[in-house]
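The block underneath contains the structure these notes are about, expressed in structure tokens.
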Amino acid sequence: MKIIKLTKAQDIGSYQPSDALVSVQKMAMSLGRPLLLAGKPGVGKTQFAHWVANQSFENFNKNVFQFNTKSTSVFADLFYEYDAVSHFRDANIKTAAVANDAKTAADYITLTALGFAVLCAKGLIVDDEEIQKIIKQSKQKLKIGDADLRAKSVVLIDEIDKAPRDFPNDLLYEIENLSFSIKEINKTITLNDQEKENVVIILTSNDEKNLPDAFLRRCLFYYIDFPSEAELKAIVAKKLTINGVDFTANERDGLDEKMFWFFKIYEAKTIDKKPSTSECIDWINYLKEHDLLDKSIQQCKNSFSCLIKKNEDLQELNKLFPDLVAKNVLDNY
């Protein structure tokens, strides 16, 4: 089989944000404000941060410093992690080897997304032995070499709407001042106004929960709509023509038909879990590389698993399109 496996570089390279989104991002950078991207899952919110980091108009770190928000996240998690369990364990091992190591709390601290970006903004130059130890440990954990580091960073705080209610408000001071304290070693790192320009913050939300007004006032906002049929077809074609592989005339006709059916499913009000852009790409990728793209929808009966992910939605699909059932498109489910 010849399923196209996009590398990270190819995936980013084939991503094309709208002019309006690019304009809002430049505005956010100019104002020194975070950009909050909202939209349904799969519309390219996370990918946009990687696209920004790889643009030539700024000399950013090519690796986005990403923080994946959890329901248990607190604001300090954005800056560093302290492995208290390992510290406690090692402190209670009564061996000469451990005793001679004389480990301190700094040995158990590593920087996370925003903390690493803040230290990069200072050029990783801090006249403090413990902070330098933490930087070294963090680079090893993230597998980032000195040659790959730049002062400017893109920080992605992904799916902030998953966090507890107080999390966004707790971030307000830290995001505006880009200062944080490591309480375990009683050290504070603060950026001056010029250094703050080196940190670009992008937040994403799946629009599943309202965010506090005070937090929204300090962000620029952009909602990424789900692409139109023509836009999605262009996205799919661009993603799947990597390395010069193109569509035949028959495949282009087949792509039109498959896009028609994709949007019939996507726009159905009774389908709960809507297929996303990435699922559409997977579907077309499978059909193309198994010589099914130029075949009728009735010959693609085993491919709907790429789009339908819940039994309830499958039943709704049966009700919506009984002609497909009659033609045995879905009878294998």
Side-chain angles (χ1 to χ4, degrees), residues 12-13 15-69 73 75 78-79 112-122 149-163 167-180 189-227:
I12 295 169
Y15 177 78
Q16 184 56 56
S18 68
D19 292 341
L21 176 52
V22 174
S23 178
V24 172
Q25 174 60 43
K26 290 182 177 179
M27 191 187 310
M29 291 169 60
S30 177
L31 294 171
R33 295 285 189 180
L35 172 62
L36 173 61
L37 297 178
K40 299 300 181 184
V43 294
K45 303 185 296 295
T46 299
Q47 199 173 24
F48 178 68
H50 292 273
W51 181 86
V52 171
N54 281 268
Q55 295 310 294
S56 58
F57 61 81
E58 294 283 356
N59 189 23
F60 286 117
N61 283 305
K62 300 309 178 188
N63 293 308
V64 172
F65 297 143
Q66 182 167 339
F67 179 81
N68 297 311
T69 311
S73 295
F75 76 91
L78 268 170
F79 295 95
T112 51
L114 197 50
F116 203 99
V118 167
L119 268 298
C120 282
K122 297 188 77 69
L149 289 172
R150 306 287 185 273
K152 294 188 176 182
S153 308
V154 175
V155 176
L156 173 63
I157 304 174
D158 210 17
E159 298 185 334
I160 192 172
D161 49 337
K162 283 186 176 180
F167 181 80
N169 283 335
D170 289 341
L171 287 179
L172 292 178
Y173 177 84
E174 283 74 17
I175 286 180
E176 289 189 345
N177 294 278
L178 291 176
S179 171
F180 70 100
I189 299 95
T190 303
L191 299 184
N192 60 38
D193 289 342
Q194 184 176 359
E195 291 168 339
K196 289 178 184 177
E197 297 177 2
N198 290 333
V199 182
V200 172
I201 300 174
I202 298 176
L203 309 103
T204 73
S205 166
N206 287 333
D207 217 21
E208 296 176 352
K209 183 171 65 178
N210 291 331
L211 296 168
D213 289 345
F215 176 78
L216 293 174
R217 282 197 299 270
R218 289 163 171 82
C219 299
L220 270 70
F221 176 84
Y222 189 89
Y223 189 91
I224 302 180
D225 289 311
F226 195 84

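Note that the structure is a prediction, hence the values are computed from the model and not measured.
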Who are the ring pair (Phe, Tyr, Trp, His ring centres under 6.0 Å) partners of [X], not counting sequence neighbours?
{"X": "Y223", "result": "none"}
{"X": "F65", "result": "F116"}
{"X": "F67", "result": "none"}

List the residues meeting side chain to side chain contact (heavy atoms under 4.5 Å, CB included) with [X], not counting sequence neighbours, and say none if there are none.
{"X": "A163", "result": "T69, F167"}
{"X": "S18", "result": "A20, L21, Y222"}
{"X": "P41", "result": "N206"}
{"X": "N68", "result": "Q66, D158"}

Q | side-chain hydrogen bond (donor to acceptor under 3.5 Å, both in side chains) partners of K196, counting only residues at least two apart | A | none
Q) Taking only residues two or more places apart in sequence, or in another chain, which ones meet S179 in a side-chain hydrogen bond (donor to acceptor under 3.5 Å, both in side chains)? A) T190
Q) Please, which pairs that meet salt bridge (charged side-chain N to carboxylate O under 4.0 Å, His left out) have at least one residue in residues 211-225, sequence neighbours excluded? A) E176-R218
Q: Report, as yes or no, whether the 6.0 Å neighbourhood of atom CG on N192 holds more than 12 heavy atoms from other residues, nucleotides or ligands.
A: yes
Q: Go through the structure and list residues passing salt bridge (Lys or Arg N to Asp or Glu O under 4.0 Å) with K40, not counting sequence neighbours.
A: none
